[in-house]
There are 2 protein chains.
Amino acid sequence: MDLPVVQPPAVTERADAARNRQKILCSARRLIAERGLEHVSMDDIAADAGVGKGTLFRRFGDRASLAHALLDSTESEFQEQLIRGEPPLGPGAPPCQRVIAFGEAMIDLCVDRRDLMAEVQAGPRWLRTNIYSGYRAHLAYLVAQAAPEQDAEFVADTLLGVLRADLVNHLVTDRGMEVERLKDGFRALATSLLS
Amino acid sequence: MDLPVVQPPAVTERADAARNRQKILCSARRLIAERGLEHVSMDDIAADAGVGKGTLFRRFGDRASLAHALLDSTESEFQEQLIRGEPPLGPGAPPCQRVIAFGEAMIDLCVDRRDLMAEVQAGPRWLRTNIYSGYRAHLAYLVAQAAPEQDAEFVADTLLGVLRADLVNHLVTDRGMEVERLKDGFRALATSLLS
DNA sequence: GCATCAACCGGACTGAGGTCCGGATCTGCT
DNA sequence: AGCAGATCCGGACCTCAGTCCGGTTGATGC
């Protein structure tokens with residue numbers, strides 16, 4: 001039940017490498033704030049950071065990972081909360097409550113950081129990420145406790161399916177659903193599956 | 001409750017246009033059969049069809065739409081079944097049964113035509129497609145009948161979330177789940193939401 | 001201080017999806 | 001048949017993510 005830590009600099013990073021990582025993150029944040037995520041290309045970021053494209057991609061792998069690094073504090077705080085935080089998100093509360101708290105927090109995350117979250121989950125690799133696996137394992141663990149008769153893994157995938165950033169965004173932005181309605185829906189879903 | 005018809009040639013297509021459409025579909029099918037979808041680029045298809053790239057994109061818009069056109073007979077048969085087919089997929093069966101039948105059929109579709117289905121649903125446009133809207137409306141309609149106290153639209157999105165091609169593929173291919181297990185899971189989900 | 005070498009750097013290059021537009025072609029009307 | 005003009009064609013062109021590799025730099029041991 002240990003969610004994977006994000007971006008562990010392999011052993012120790014060379015000084016120039018660390019410097020460049022910071023320059024890149026900094027430029028990326030600035031450009032995104034200025035123009036919006038969809039109008040910032042990887043070349044833009046590299047250029048603005050005064051760094052070659054190769055460097056950018058060696059540090060961050062691909063666009064999705066860069067996006068993940070950009071919401072890293074947010075995201076790893078979230079993971080931290082799941083494992084060691086206060087109830088109802090952290091341990092201590094009954095499983096069903098924790099699932100619901102997870103869902104609500106995730107919905108907020110998707111809404112507050114919509115662009116980055118969508119980017120992180122975009123592309124065919126997302127489901128193979130260990131971020132996804134971590135969430136999945138966490139939920140499956142809770143589901144197994146709350147409702148042993150269910151297929152815990154499948155239920156976890158179901159719950160995560162509703163919490164996908166693109167879906168949440170679509171419902172809120174394109175279909176004009178209120179965030180509260182999504183949360184109500186998620187609560188109803190969790191309740192009816194876990195009891 | 002009318003699912004949108006696919007690819008309605010605007011009014012009437014010019015003869016050469018229709019000819020090219022056929023050449024393209026034909027080449028695409030051949031190349032995909034030979035090398036597999038992920039090793040066939042749009043340029044390949046255009047070249048093989050003896051047609052300019054512009055023509056290809058004017059006819060089909062983008063890669064996802066071409067993929068959709070390629071499984072068109074399959075897909076529009078499916079839609080036909082939903083509206084006018086035999087129970088339990090078509091009208092006549094109780095709503096919950098129809099939802100389950102829909103899910104099972106969709107899972108089969110995702111497994112049998114995995115590449116094309118994944119391609120059709122890839123990218124950020126999928127949820128705004130009227131294919132998606134059609135499915136969504138269909139399910140919401142059934143849900144509203146079976147469980148009026150639920151948020152029918154949200155439940156529809158939930159169900160479709162589990163039936164996304166990338167998820168189904170991931171579970172079957174990467175996680176080694178049996179198709180039957182997915183169907184059981186979906187049945188359990190539908191049952192516990194609609195009763 | 002210096003040699004050694006792995007790690008790192010930059011930016012040219014590739015490949016793919018998608019756009020654009022001048023010129024060719026078809027169709028309906030007279 | 002002949003004309004007008006809407007439709008369509010082709011392929012050059014653009015952007016962008018991601019790769020590759022020859023040259024450089026920083027860490028480490030002496």
Side-chain angles (χ1 to χ4, degrees), chain A residues 7-25 27-28 31-32 35-70 115-116 118-126, chain B residues 7-25 27-28 31-32 35-70 115-116 118-126:
Chain A
Q7 290 277 352
V11 186
T12 17
E13 211 168 37
R14 241 170 63 170
D16 51 347
R19 211 162 37 233
N20 281 334
R21 149 170 291 136
Q22 290 313 319
K23 284 199 287 184
I24 288 167
L25 287 174
S27 290
L31 292 178
I32 291 172
R35 318 183 195 161
L37 179 55
E38 61 263 46
H39 299 116
V40 178
S41 72
M42 297 300 266
D43 302 67
D44 292 339
I45 296 173
D48 184 282
V51 135
K53 236 180 144 184
T55 306
L56 173 51
F57 278 96
R58 196 167 338 88
R59 279 283 91 70
F60 294 99
D62 60 13
R63 197 174 159 92
S65 303
L66 175 59
H68 185 236
L70 285 173
D115 293 345
L116 285 177
E119 198 66 52
V120 168
Q121 298 182 13
R125 289 204 194 86
W126 165 239
Chain B
Q7 290 278 352
V11 185
T12 16
E13 212 168 36
R14 241 170 64 171
D16 51 348
R19 210 162 39 233
N20 281 334
R21 147 170 292 135
Q22 289 314 317
K23 283 198 286 183
I24 289 167
L25 287 175
S27 289
L31 292 178
I32 290 172
R35 319 182 194 163
L37 177 55
E38 62 262 45
H39 298 117
V40 178
S41 70
M42 297 300 268
D43 303 66
D44 291 340
I45 296 172
D48 185 282
V51 136
K53 234 180 146 185
T55 305
L56 174 50
F57 279 95
R58 194 168 340 87
R59 278 283 91 70
F60 295 100
D62 59 13
R63 198 174 158 91
S65 303
L66 175 58
H68 185 235
L70 284 173
D115 293 345
L116 286 178
E119 198 66 53
V120 169
Q121 300 182 12
R125 289 205 194 85
W126 166 238

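Values below: all heavy atoms of this structure, side chains included; hydrogens, waters and symmetry mates excluded. In the text below, chain A, chain B and the rest are named by the order of the sequence lines, each starting its count at 1.
Distance CG (B:L66) to P (C:dA16): 15 Å, rounded to an integer number of Å. Rounded to an integer number of Å, the gap from A:Q22 CD to C:dC8 C1' is 17 Å. Rounding to whole angstrom units, CZ of residue A:R125 and C1' of D:dA17 are separated by 10 Å. Nucleotide D:dG11 holds its P atom 13 Å from the CD1 atom of B:I24, rounded to whole Å. Straight-line distance from the CZ atom of A:R35 to the P atom of D:dT15: 13 Å, rounded to whole Å. If you measure from atom CG of B:L31 to atom P of C:dA16, you get 13 Å, rounded to the nearest angstrom. Between the NE2 atom of B:H39 and the C1' atom of C:dA16 there is a distance of 14 Å, given to the nearest Å. What separates CE of B:M42 from P of D:dC13 is a distance of 21 Å, to the nearest Å.
Along DNA chain D, the nucleotide nearest A:A15 and the nucleotide nearest B:A18 are compared for position; the residue whose nucleotide lies closer to the 5' end is B:A18.
Using a 4.5 Å heavy-atom cutoff, the side chains of A:R59 and A:L25 are not in contact.
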Please tabulate the protein-to-nucleotide N/O contacts below 3.5 Å involving nucleotides 5-7 of chain D, giving atom names and distances.
unit_1 : atom_1 : unit_2 : atom_2 : d
D:dT7  : O2     : B:R14  : NH1    : 2.3
D:dT7  : O2     : B:R14  : NH2    : 3.4

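Applying the salt bridge (Lys or Arg N to Asp or Glu O under 4.0 Å) test to A:R58 and every residue at least two apart in sequence or in another chain returns nothing. Applying the salt bridge (Lys or Arg N to Asp or Glu O under 4.0 Å) criterion to B:R125, with sequence neighbours excluded, gives B:D62. By the side chain to side chain donor-acceptor pair (under 3.5 Å) test, A:R14 is found to be paired with A:D16, residues two or more places apart in sequence or in another chain being considered.
Distance check, rounded to the nearest 0.5 Å: CG of B:N20 to CG of B:L56 gives 10.0 Å. Distance check, rounded to the nearest 0.5 Å: OG1 of A:T55 to CZ of A:R21 gives 12.0 Å.
Using a 4.0 Å cut-off, no side-chain N or O of A:N20 falls inside it from OP1 or OP2 of C:dC8.
Taking all atoms of both residues into account, the shortest heavy-atom contact from B:A69 to B:F60 is CB-CE2, 3.8 Å. The heavy-atom pair separating A:K23 from A:G50 by the smallest distance is NZ-O, 4.2 Å.
Here the side chain of A:D16 is nearest to one of D:dG26, D:dA17, C:dG18, namely D:dG26. Side-chain proximity of A:D43 to the nucleotides D:dC16, D:dG26, C:dC26 is greatest for D:dC16.
Across residues 45-58 of chain A, A:K53, A:G54, A:F57 each have a non-hydrogen atom less than 4.0 Å from an atom of DNA chain D (numbered order).
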Using distance only, find each side-chain donor-acceptor pair of residues 42-49 of chain B under 3.5 Å and give its atom names and separation, not counting sequence neighbours.
unit_1 : atom_1 : unit_2 : atom_2 : d
B:D43  : OD2    : B:K53  : NZ     : 3.4
B:D44  : OD1    : B:S41  : OG     : 3.4
B:D44  : OD2    : B:R35  : NH1    : 3.1
B:D44  : OD2    : B:S41  : N      : 3.0
B:D44  : OD2    : B:S41  : OG     : 3.2
B:D48  : OD1    : B:S27  : OG     : 2.6
B:D48  : OD2    : B:R30  : NH2    : 3.1

